[in-house]
Amino acid sequence: MSVSQISVFIESEPGHLVRVLDSFVEADVNVRGYSASDTGDYGIVRFIVDNPDAALAVLREQNAACSKSEVLVLRLEDTPGELARVMGIIADCHINVTYSYSLISTYIVLSVNDVAAAERMLESEPVELLGQDDLAHLVA
């Protein structure tokens, strides 16, 4: 049982990711999880969405470099060693994991070029900033 993942290449510039996300909103596509990685001038963003065909269509309308591929989604027990156990099973089968990311879409990690400024801007917004100690008490 696999799910469709949408990958899109975008310029690594402020506003480019938000344009993709805004187009998803207009197409009534809900993002269930994503991963964004920077490769210098460009980045790749991988999305798990509720309607991958609609997401792909809206990206293609924008002439975005995008693709759809099949990936596995697993729900793991929230216990120490569970991720290692599952990765061990895959490794024992001589299958390589090329990348992975989490789908807990309400908890996201952002790497920004000015953490302090981003914190100041977000403190007045309706989002909750977490600290290191908060991670021990997360509920998925």
K.L.:
What closest approach, in Å, do Val8 and Ala64 show between heavy atoms, and which atom pair accounts for it?
P.N.:
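Smallest interatomic distance, heavy atoms only, reads CG2-CB, 3.9 Å.
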
K.L.:
According to a 4.5 Å side-chain heavy-atom criterion applied to Ile, Leu, Val, Met, Phe, Trp and Tyr, with indirect links allowed, do Val45 and Val18 form part of one hydrophobic cluster?
P.N.:
no

K.L.:
Residues two or more places apart in sequence or in another chain: which of them pass salt bridge (Lys or Arg N to Asp or Glu O under 4.0 Å) with Asp53?
P.N.:
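Once residues adjacent in sequence are excluded, the partners of Asp53 under the salt bridge (Lys or Arg N to Asp or Glu O under 4.0 Å) criterion are Lys68.
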
K.L.:
When rounded to the nearest 0.5 angstrom, what is the spacing between CD1 in Ile90 and CZ in Arg85?
P.N.:
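Answer rounded to 0.5 Å: 10.0 Å.
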
K.L.:
CZ of Arg19 to CG of Leu59: how many Å apart, nearest 0.5 Å?
P.N.:
12.5 Å

K.L.:
Search all heavy atoms of Gly40 against all heavy atoms of Ser12 and return the closest pair with its distance.
P.N.:
O-CB, 3.3 Å

K.L.:
Please step through side-chain contact (heavy atoms from CB on, under 4.5 Å) for the pair Val29 and Val58, ending with a clear verdict.
P.N.:
CA-CA 10 Å; Val29 172; Val58 75; 5.7 Å; no

K.L.:
Is there a path from Tyr99 to Phe9 through hydrophobic residues (I, L, V, M, F, W, Y) whose side chains come within less than 4.5 Å of each other?
P.N.:
no

K.L.:
Same cluster or not: Val49 versus Leu21, using hydrophobic residues (I, L, V, M, F, W, Y) connected whenever any side-chain heavy atoms lie under 4.5 Å apart?
P.N.:
yes

K.L.:
Would you name the heavy atoms of Asn30 and Asp50 that are closest together and state the gap between them?
P.N.:
N-OD1, 2.8 Å

K.L.:
Would Ile10 and Leu17 count as a side-chain contact (heavy atoms from CB on, under 4.5 Å) if you check the C-alpha gap in whole Å, the side-chain angles of each, and the deciding distance to 0.1 Å?
P.N.:
CA-CA 7 Å; Ile10 60 173; Leu17 179 57; 4.0 Å; yes

K.L.:
Give the cluster check for Ile95 versus Val86: same hydrophobic cluster or not, with ILVMFWY residues linked at side-chain heavy-atom distances below 4.5 Å.
P.N.:
yes

K.L.:
Provide the full list of side-chain hydrogen bond (donor to acceptor under 3.5 Å, both in side chains) pairs with a residue in residues 56-66, sequence neighbours left out, each pair given once.
P.N.:
Ser23-Gln62

K.L.:
More than 12 non-hydrogen atoms from neighbouring residues, nucleotides or ligands closer than 6.0 Å to CG on Asp38, yes or no?
P.N.:
yes

K.L.:
Could you tell me the separation between the CG atom of Leu83 and the OG atom of Ser100, rounded to the nearest 0.5 Å?
P.N.:
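Reported value, rounded in 0.5 Å steps: 7.0 Å.
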
K.L.:
Give me the atom names and distance for the closest heavy-atom approach of Tyr42 to Thr39.
P.N.:
O-OG1, 2.5 Å

K.L.:
Kindly give the heavy-atom pair with the smallest separation between Cys66 and Leu56, and that separation in Å.
P.N.:
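Smallest heavy-atom distance, with atoms named: SG-CD1, 3.7 Å.
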
K.L.:
Using the ring of Tyr101 (Phe, Tyr or Trp, six-membered ring only), decide whether Arg46 places NZ or CZ under 6.0 Å from its centre and within 45 degrees of its axis.
P.N.:
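Verdict for Tyr101: no cation-pi partner in Arg46.
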
